[in-house]
Asker: 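Input: one structure, supplied below.
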Amino acid sequence: MRSTNLVVLACMTNKEVAVMLREVAAAFVIKNENRFRIIAYERAADSIEHQTQSVEELWKEGKIKEIPGIGPNIAQHLGELFTKGKVAHFENEKKGLPKAMFSLLNLPGFGAKKAFKLTRELNIKDSDDPFKKLKEAAQANKIASIEGFGEKSEQDILTSLESFQKKEAKLSRMLLPIAYDIATRVINYLKKSNSVIEIYPLGSLRRMVATVGDIDIAISSNQAEKVIEYFLKFPEVGKIIDKGKETTSVVLKNGVQVDIMVQPEIAFGALLQHFTGSKHHNIALREYALKKDLSLSEHGIKDLKRAKEQKSKEFSNEEVFYNFLGLDWIPPELREDTGEIEAAQKHNLPNLVELSDIKGDLHLHSNYDLKPSHDLGHNSFLEILNKATELKYEYIAFSEHNPKQSGHNISDIIDIIKRRKQTIDKINYSLKSDRVHFFNMMETDILPNGYLALPKQTFEYIDATIISIHSSFDQSSSDMTKRILKALSYSKVKIFGHPTGRLIERREGVNANWFEIFNFCKAKNIALEINANPNRLDLPDMLVREAVKNGNKFVIDTDAHQINEMNLMRFGVSVARRGWLEKNDILNTLPYSEFKKWLLNL
DNA sequence: GCCGTTTTCGGCCCGACTGTTTTCAGTCG
C-alpha cells in the first residue's frame, strides 16, 4: 500500500515544545508579567516534557487538554504551532528580547533575569556564539563589575559553562539498573553499621524512574556523625566532595556521585517523603494540605491556624505522615501527581504487583542457530531452563528471532522452524516432569507493510508468537497504526513485544494511535509486553497506565539474550507498578495451567 | 494562564542556598 501523504512533516518533539513554552515564560519574567501566568507556562512545559506520548499526536487526537496544566489558551497556541509551525502570540511576546538570552537559559544557575542582564550588559548580539562571548567576558573580568555580580559569580559562570559543555558530551542520566546496583551496594554496606536504623534511596531511584541523575540516600539514625564516618570508609569511595554533620557527598571510584543525608529517627518520615518526590507529587500534596490549613516541608507539618506555633510536627515514618493528612501511604512509584492523592484519600490505591508474583518469562533468546534476523542469544535451552529453575519460575518460553528472509526462501524457513520444534520436543521428552514448563514461541518481525516475517505455514510448528517492530520506525502515525493492526490480526499472535520500539535516551518510540491498538489487542486477547530490558522499559509506564484503564492485559518479559539478563525482571515489574498494575492485570502471574489456556487459546 | 471536596472567581508550594547585599533577589529541587 502506498502512502497518500506526499509530504510528511516531522513531528515536533515534546522537548522542543517544552523549550518553546519555557522561553515564553522567560520572556514574561523580563516583562514583569503576572507571576502565576509565568508559573502556568512553566508547569505546562514540565508537564509536556513528562508525557511519553507525542503531544502533537495527542493534539491530533483531540486530547491535548487532557494533559494537566494545558488549558484553553495554551491548547489553542499549540494548535497553531502544529498547523502553522509557529505561534504569533509567542513571537510577539519574545519580540524585542535578544535571542542569545534564550540560549543562556540552558546554563546551570541561569534563569531569565541573569540571562537577560548579561546579554544586555555584555552587548551579546543574536548573531554571536553567546557561550563563547560569555566565556571571553568572564575571562577578561568584565562580569565582576556589573551590578549584582561579583568575583565569585564570575567564577561560577565559568564553572557553569564548563559543566554545560561536559554534559552535552555525555549521557547525563544513568539507566535505572546501574543506579540501582550502585545504591544497593552502598545500602548493604551501611546496613552493617549499628547506628543505622532505617535506610532508603531517594528521588527518581526510589520511584524507579527509567533514568536516574544522582544517587541520594536517606538514613534514619540518632548518631549522624558516626554514620558519616562509617560511610566514608566504604571501599568504593574515591573522593570526598563535602562533609557536614548530617550530610556528605562523595564521588565513587566509578565516577558516580553519592549524597547521604542522616536524620534522627523522630523526624525521618518527613525527610524521606520530601526527598522522594516527585516534585509534582509534592506540589500537589502541599496544595491539598493547604486546604486543610496545613503546611508541609521536609521538617514536618505546620498548622497554619496556630500561626504562633514555630515548630513543625515531626513524623518518624511516611505512613504516619500521609495518614495525618487523611491519606493512605502512597507507594513511591505512584508519586507523580497523576491521581494518586485522590485515590489515597478514597482508600482506592491499587494493590501493586510484586516481583514475587511473576511466574514465568516468555521472551528469551537461546543460542539455537536458526540464522535469525537479529541477535542470537548466548545460552542453550538447557542453561536457560536451569536459570528459570533458580528463579523459581513455573514456565518460560523460547522466543528466538525469526530466520532472516534474505538468503532463505519460504521452504527453507519452514524447514528451520520444523527442525527447531523437533529439538525442543526432544528436550521436553528427555526431562523429568517436575521441572519448569516451557513453550515454543518466536519473536517475529513486523515488516514495514504489516506482514509478518514468518510464513503462515510455520505456525503449526510453534505455540504462539511475540511480534515486534525492528525496522522503519519513522512511519507516519496512520501508516504505523495500519501496519501494527495488520500484524496483530494474524493467528498465533499473543504478545505485542516492546510496542513503542523506544531506546531510552537514544531513540524516540514510534508514533501510532495507541488507543486503536489497545482496543484491538483487548478484543483479540493479545497481551501488551512490558519489556524489562533497561534500554527499553517498553511499554513505557504512562502508556501502561492508559492501557490498563482501557482494560488491557500485559506480560512482563526480560528479552534476555543471556541468562544473567533474566535477573532484570524487577525493572519490568517497576514499570508495571508505575503504571498502576495489579497482579491480575499481568498474565504471567497466572499459574501454569491457566497461563497455558490463555497462550494456546484453549 | 490554570483549575475546582469551601471556589466557574479567586486563589495559586516550600525552604535552602548563594552571592550580593545591609534586607534581598534569583535559582534550584
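By convention in this document, chain letters (A, B, ...) are assigned in the order of the sequence lines, proteins followed by strands, and residues within each chain are numbered from 1.
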Asker: If you look at every strand shown and take non-hydrogen atoms under 4.0 Å, does A/Arg43 touch a base, only sugar-phosphate, or nothing?
Answerer: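 Sugar-phosphate contact only - A/Arg43 comes under 4.0 Å of backbone atoms but never of a base.
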Asker: What parts of residues 19-34 of chain A reach DNA chain B, counting only heavy atoms under 4.0 Å away?
Answerer: none
Asker: Judged by atom type as modelled, is there a donor-acceptor pair below 3.5 Å linking the side chain of A/Ser574 to the main-chain atoms of A/Phe571?
Answerer: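 Indeed, once roles are kept as given, a pair shorter than 3.5 Å links the two residues.
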Asker: Would you indicate what A/Leu296 reaches in the nucleic acid, counting non-hydrogen atoms under 4.0 angstrom: base, sugar-phosphate, or nothing?
Answerer: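 Sugar-phosphate contact only.
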Asker: Kindly say if A/His280 contacts the phosphate of B/dG29, meaning a side-chain N or O under 4.0 Å from OP1 or OP2.
Answerer: no
Asker: With distance as the sole criterion, is a donor-acceptor pair present between the side chains of A/Glu340 and A/His281 under 3.5 Å?
Answerer: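 A pair is found: one side chain offers a donor N or O, the other an acceptor, under 3.5 Å apart.
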Asker: Hey, does the side chain of A/Glu80 reach the backbone of A/Ala88 with a donor-acceptor pair shorter than 3.5 angstrom?
Answerer: yes
Asker: Using a cut-off of 4.0 Å on non-hydrogen atoms, how would the nucleic acid contact of A/Ile74 be classed: base, sugar-phosphate, or nothing?
Answerer: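 Sugar-phosphate: the residue A/Ile74, judged by heavy atoms under 4.0 Å, touches backbone atoms but no base.
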Asker: Mind checking who B/dT8 pairs with, Watson-Crick or G-U wobble, both distances under 3.5 Å?
Answerer: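 Here B/dT8 is not engaged in any pair, so there is no nucleotide opposite it.
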Asker: Select base, sugar-phosphate, or nothing to describe what A/Glu151 touches, counting heavy atoms under 4.0 Å on all strands.
Answerer: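 Sugar-phosphate, no base atom in range.
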Asker: Go nucleotide by nucleotide along DNA chain B from the 5' end; which of A/Lys346 and A/His299 gets its closest nucleotide reached first?
Answerer: A/Lys346
Asker: Using the C1' atom as the reference point in each nucleotide, state the distance between B/dT7 and B/dC12 in Å, no decimals.
Answerer: 12 Å
Asker: Which is true for A/Phe275 with a 4.0 Å heavy-atom rule: it touches a base, it touches only sugar-phosphate, or it touches nothing?
Answerer: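 Answer is nothing: A/Phe275 stays at 4.0 Å or more from every strand.
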Asker: Go nucleotide by nucleotide along DNA chain B from the 5' end; which of A/His274 and A/Ala75 gets its closest nucleotide reached first?
Answerer: A/Ala75
Asker: When you check the side-chain N and O atoms of A/Tyr322 and A/Gln273, is any donor under 3.5 Å from an acceptor?
Answerer: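 A/Gln273 and A/Tyr322 do have a side-chain donor-acceptor pair below 3.5 Å.
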Asker: Compute both the distance and the angle, then confirm whether A/Lys60 meets the cation-pi test with A/Phe82: under 6.0 Å from the six-membered ring centre, within 45 degrees of the axis.
Answerer: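 Cation-pi check for A/Lys60 and A/Phe82: fails.
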Asker: Which of the following nucleotides, B/dC12, B/dT5, B/dG1, is nearest to the side chain of A/Arg37?
Answerer: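 Nearest to the side-chain atoms of A/Arg37, counting from C-beta on, is B/dG1.
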Asker: Counting only heavy atoms from other residues, nucleotides and ligands, does the tally under 6.0 Å from OH of A/Tyr200 exceed 12?
Answerer: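 Atom OH in A/Tyr200 is not packed in, count stays at 12 or less.
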Asker: By the 4.0 Å heavy-atom rule, please label A/Ala44 as base, sugar-phosphate, or nothing.
Answerer: nothing
Asker: I need the CD1-P distance between A/Ile301 and B/dC14, as an integer number of Å.
Answerer: 12 Å
Asker: Regarding A/Lys292, tell me which of base, sugar-phosphate or nothing describes its non-hydrogen contacts under 4.0 Å with the strands shown.
Answerer: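 Nothing, no heavy atom under 4.0 Å.
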Asker: Check every strand shown and say whether A/Leu290 touches a base, only sugar-phosphate, or nothing at a heavy-atom separation below 4.0 Å.
Answerer: sugar-phosphate
Asker: Base, sugar-phosphate or nothing for A/His89? Non-hydrogen atoms, less than 4.0 Å.
Answerer: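 Counting heavy atoms under 4.0 Å across all strands, the contact made by A/His89 is with sugar-phosphate only.
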Asker: How would you label the contact of A/Asn282 with the nucleic acid (heavy atoms, under 4.0 Å): base, sugar-phosphate, or nothing?
Answerer: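 A/Asn282: no heavy atom of the nucleic acid under 4.0 Å.
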Asker: Do the rings of A/Phe231 and A/Phe234 sit parallel, tilted or perpendicular, given the 30° and 60° boundaries?
Answerer: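 A/Phe231 vs A/Phe234 ring planes: parallel.
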Asker: Scan A/Glu147 against the nucleic acid and name what it touches under 4.0 Å (heavy atoms): base, sugar-phosphate only, or nothing.
Answerer: nothing
Asker: Using a heavy-atom cut-off of under 4.0 Å over every strand shown, decide if A/Lys113 touches base, sugar-phosphate, or nothing.
Answerer: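 Sugar-phosphate only.
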Asker: Taking only the side-chain heavy atoms of A/Pro72 (C-beta and beyond), determine which of B/dC2, B/dG19, B/dG15 contains the nearest atom.
Answerer: B/dC2
Asker: Got more than 12 heavy atoms from elsewhere within 6.0 Å of NZ, A/Lys99?
Answerer: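 Atom NZ in A/Lys99 is not crowded, with 12 or fewer foreign heavy atoms closer than 6.0 Å.
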